[in-house]
There are 2 protein chains.
Amino acid sequence: MPDSSFREIRDLALFSQMADENFSALMRGAYVQNFPAQIELITEGDPSDFLHVVLSGSVDLFSAWNDRETSLATVRPISTFILAATIKDAPYLMSARTLEKSRIALIPSQDVRAVFDIDGNFARAIVTELAQCYRSVIKAQKDLKLRTSLERLANYLLRQQRRAGGAASFDLDFEKRRLASVLGMTAENLSRAFKGLQPYGLEVDGTRITVTNQAEFERFAKPNPLIDDGST
Amino acid sequence: MPDSSFREIRDLALFSQMADENFSALMRGAYVQNFPAQIELITEGDPSDFLHVVLSGSVDLFSAWNDRETSLATVRPISTFILAATIKDAPYLMSARTLEKSRIALIPSQDVRAVFDIDGNFARAIVTELAQCYRSVIKAQKDLKLRTSLERLANYLLRQQRRAGGAASFDLDFEKRRLASVLGMTAENLSRAFKGLQPYGLEVDGTRITVTNQAEFERFAKPNPLIDDGST
DNA sequence: TCCCACGATTGATAATTGTCAAGCCAACAA
DNA sequence: TTGTTGGCTTGACAATTATCAATCGTGGGA
């Protein structure tokens, strides 16, 4: 594994506090690979052989049942995914595919579990990471169960606006069909939802979004830190 | 804290492997309390002062937004809740209320975090617990996004049937209005959903459920271990 | 015993969301 | 340039789900 990737991973909160020798042990069995877009990295139900770290690009976590499919999350650099499956030595609950050309580090799950057993700092870092993940999913759950699709879209846009720096105009960071899936609706419905938000101060031009009336838009969206704040 | 409660808690996977002295330290600040039914134990948004352990009775975890409310989970003995908030020292994402007369142990979050920092076994146990919780929520998410309400109900009934021992007849373990909320639908819809499942081999008499045609019912429900299995 | 409270059910209706088919448009390759 | 592809949009329609109002039934409490 090249030194630069090594450094990037070491700097992750998950790995930064562990003992040098344990980190080295983890990296010995690890390797970095470049994947083109639209490659299925893992398939739900498979045993969790590797902990994955997205170094560049982006990865879609999705799941299918009975001919239906839904996106559950997007993983962006630098972060890991399927940590829970790795720790529990349980099958993946989600499939993963690259959204674009991506560089991914693969760390054998076995090694992760072994180091987890002997390195308290690593174990504690994992706790923090898992607690964070858990709370994110709970928020997503509340978003889904408490809001209509129009409200989910409005709040998604506010979150995206904030991530993009807070300006009135910003770009969507992925294609609308996937956004629809993430928000739990069809692409057609998303299209109509964008229209439905215009009366509340939204303008859409392709992938370019402009909030023309921030106050009115927020009055409609009613964002809530216990659902929409990424940090807590 | 009475010895019996002490023992029950000690036997939980979360606490069973930690050092005696650390467990004692945790228990010193803890106390057990009896609550009547319908008491709000915690409120979302509040700081997480205590890790809760349900010793008897049951607790509903729910959340509200914009005058709507939804049940996210039910906690039954013997298990803990709001572990993630405690660990992260972050506000509760859900409110909790007793569904019936319940005995709850309260362990100061501060103590939990302190012991977590010094006891590797405790930290590892927390990881396992959090990973389990995380995967449960992911399954719930998939259930919500991939299935219609009829399908969610059918699969819920199959899970409940299994929990109850697998016999064709079994009882619902809580009132229908709450079941509706858990399944993400209205009580009226649930009522109709029960009717809608009759053609697939289901009989309902009040709280008594009978699967009259197991094969046909499962053919409709299409249960999937990656959504419906509690263990993995 | 009767009455009340409360959850469950039902019917009527409306809102929301999904499905299907067609058309639009920009990107891209021949 | 032309043709093709794929994503996005639109319209018409159907299915699903929610809302509102009324009723039913059961289990306490007076």
Side-chain angles (χ1 to χ4, degrees), chain A residues 36-38 60 64-71 97 99-100 143-157 171-200 202-209 220, chain B residues 36-38 60 64-71 97 99-101 143-157 171-200 202-209 220-221:
Chain A
Q38 305 301 331
D60 182 34
W65 178 80
N66 197 25
D67 286 331
R68 285 163 240 174
E69 186 182 306
T70 188
S71 279
R97 80 183 134 225
L99 287 169
E100 52 192 309
D143 192 44
L144 266 176
K145 291 184 78 175
L146 291 168
R147 289 171 170 163
T148 66
S149 60
L150 213 60
E151 291 165 341
R152 287 200 298 280
L153 174 59
N155 282 291
Y156 171 84
L157 292 175
D171 282 301
L172 292 177
D173 58 351
F174 41 62
E175 56 178 9
K176 293 186 181 175
R177 59 158 46 201
R178 245 177 45 73
L179 175 56
S181 184
V182 168
L183 294 177
M185 58 176 118
T186 59
E188 294 94 329
N189 229 337
L190 176 63
S191 208
R192 289 170 185 128
F194 273 121
K195 285 247 165 82
L197 287 177
Q198 284 176 13
Y200 302 102
L202 187 79
E203 257 175 33
V204 184
D205 177 22
T207 179
R208 188 78 184 163
I209 307 295
F220 172 80
Chain B
Q38 306 301 332
D60 181 35
W65 178 80
N66 196 25
D67 286 330
R68 285 163 240 174
E69 185 183 305
T70 189
S71 279
R97 80 181 135 224
L99 288 169
E100 53 191 310
K101 193 165 171 304
D143 191 46
L144 265 176
K145 290 184 78 175
L146 290 168
R147 290 171 169 164
T148 66
S149 61
L150 213 60
E151 291 164 342
R152 287 201 298 279
L153 174 59
N155 282 291
Y156 171 84
L157 292 175
D171 283 299
L172 292 178
D173 59 350
F174 42 63
E175 56 178 10
K176 294 185 179 174
R177 59 158 46 201
R178 244 176 46 72
L179 174 56
S181 184
V182 168
L183 293 177
M185 56 176 121
T186 59
E188 294 94 328
N189 228 340
L190 176 62
S191 207
R192 290 169 185 129
F194 272 120
K195 285 246 164 84
L197 288 177
Q198 285 175 13
Y200 302 103
L202 188 78
E203 257 175 33
V204 184
D205 177 23
T207 180
R208 189 78 184 163
I209 307 294
F220 171 80

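The sequence lines fix the lettering, A, B, ..., with proteins before strands; numbering per chain opens at 1. Source: prediction; values computed, not measured.
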Participant: In whole angstrom, what separates B:Arg177's CZ from C:dA5's P?
Facilitator: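 The answer, rounded to whole Å, is 16 Å.
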Participant: Take the protein atom CD of B:Gln38 and the nucleotide atom C1' of C:dC6, then report the distance between them rounded to whole Å.
Facilitator: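 Result: 12 Å.
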Participant: Minimum heavy-atom separation for A:Arg68 and B:Leu146, please, with both atom names.
Facilitator: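 Smallest heavy-atom distance, with atoms named: NH1-O, 2.9 Å.
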Participant: State the CG-CZ distance between B:Leu190 and B:Arg152, to the nearest 0.5 angstrom.
Facilitator: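 Output value for this atom pair is 10.5 Å.
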Participant: OP1 or OP2 of C:dT16 less than 4.0 angstrom from a side-chain nitrogen or oxygen of A:Thr148, does that happen here?
Facilitator: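 No, A:Thr148 has no side-chain N/O under 4.0 Å of OP1/OP2 on C:dT16.
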Participant: In whole angstrom, what separates B:Asn189's CG from C:dT13's P?
Facilitator: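 Result: 18 Å.
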Participant: When you list every nucleotide of DNA chain D with an atom under 4.0 Å from a heavy atom of chain B, which one comes first 5' to 3', and which comes last?
Facilitator: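 That gives a stretch of D:dT17 to D:dC20.
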Participant: side-chain contact (heavy atoms from CB on, under 4.5 Å), that's the test. Do A:Glu188 and A:Ser191 meet it? Break it down for me.
Facilitator: CA-CA 5 Å; A:Glu188 294 94 329; A:Ser191 208; 5.6 Å; no
Participant: Using atom CD of A:Glu175 as one end and atom P of C:dA27 as the other, report the distance to the nearest whole Å.
Facilitator: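 So the CD-P distance, A:Glu175 to C:dA27, works out to 15 Å.
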Participant: For B:Phe194 and C:dG7, what is the distance between atoms CZ and C1' respectively, to the nearest whole Å?
Facilitator: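 It is 14 Å, rounded to the nearest whole Å.
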Participant: Counting heavy atoms not belonging to A:Tyr200, are there more than 12 under 6.0 Å from its OH?
Facilitator: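 Not more than 12 within 6.0 Å, no.
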Participant: At 4.0 Å (heavy atoms only), tell me whether B:Gly196 reaches a base, stays on the sugar-phosphate, or touches nothing.
Facilitator: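 B:Gly196: no heavy atom of the nucleic acid under 4.0 Å.
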Participant: Go nucleotide by nucleotide along DNA chain C from the 5' end; which of B:Arg192 and B:Lys176 gets its closest nucleotide reached first?
Facilitator: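 Mapping each residue to its closest nucleotide by heavy atoms, the 5'-most match is B:Lys176.
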Participant: Under the salt bridge (charged side-chain N to carboxylate O under 4.0 Å, His left out) test, which residues partner A:Glu69, sequence neighbours left out?
Facilitator: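 Only A:Arg97 meet the salt bridge (charged side-chain N to carboxylate O under 4.0 Å, His left out) criterion with A:Glu69.
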Participant: Assess the residue pair A:Phe220 and A:Leu150 against the criterion (side-chain contact (heavy atoms from CB on, under 4.5 Å)); give the C-alpha distance rounded to whole Å, side-chain angles, the decisive distance to 0.1 Å, and a yes or no.
Facilitator: CA-CA 10 Å; A:Phe220 172 80; A:Leu150 213 60; 3.8 Å; yes
Participant: Evaluate the criterion side-chain contact (heavy atoms from CB on, under 4.5 Å) for residue pair A:Thr207 and A:Asp173; output intermediate values, then yes/no.
Facilitator: CA-CA 8 Å; A:Thr207 179; A:Asp173 58 351; over 6 Å; no
Participant: Would you mind classifying the nucleic acid contact of B:Glu188 as base, sugar-phosphate or nothing, using non-hydrogen atoms under 4.0 angstrom?
Facilitator: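 Touches a base.
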Participant: Roughly how many Å is it from NZ in B:Lys145 to P in C:dT17, rounded to a whole number?
Facilitator: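 After rounding, the reported distance stands at 14 Å.
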Participant: What is the distance, to the nearest angstrom, from the CG atom on A:Leu183 to the P atom on C:dG18?
Facilitator: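 In whole Å, C:dG18 P and A:Leu183 CG are 11 Å from each other.
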Participant: Can you measure B:Leu172 atom CG to C:dA8 atom P for me and round it to whole angstrom units?
Facilitator: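 Going from B:Leu172 (CG) to C:dA8 (P), I get 10 Å.
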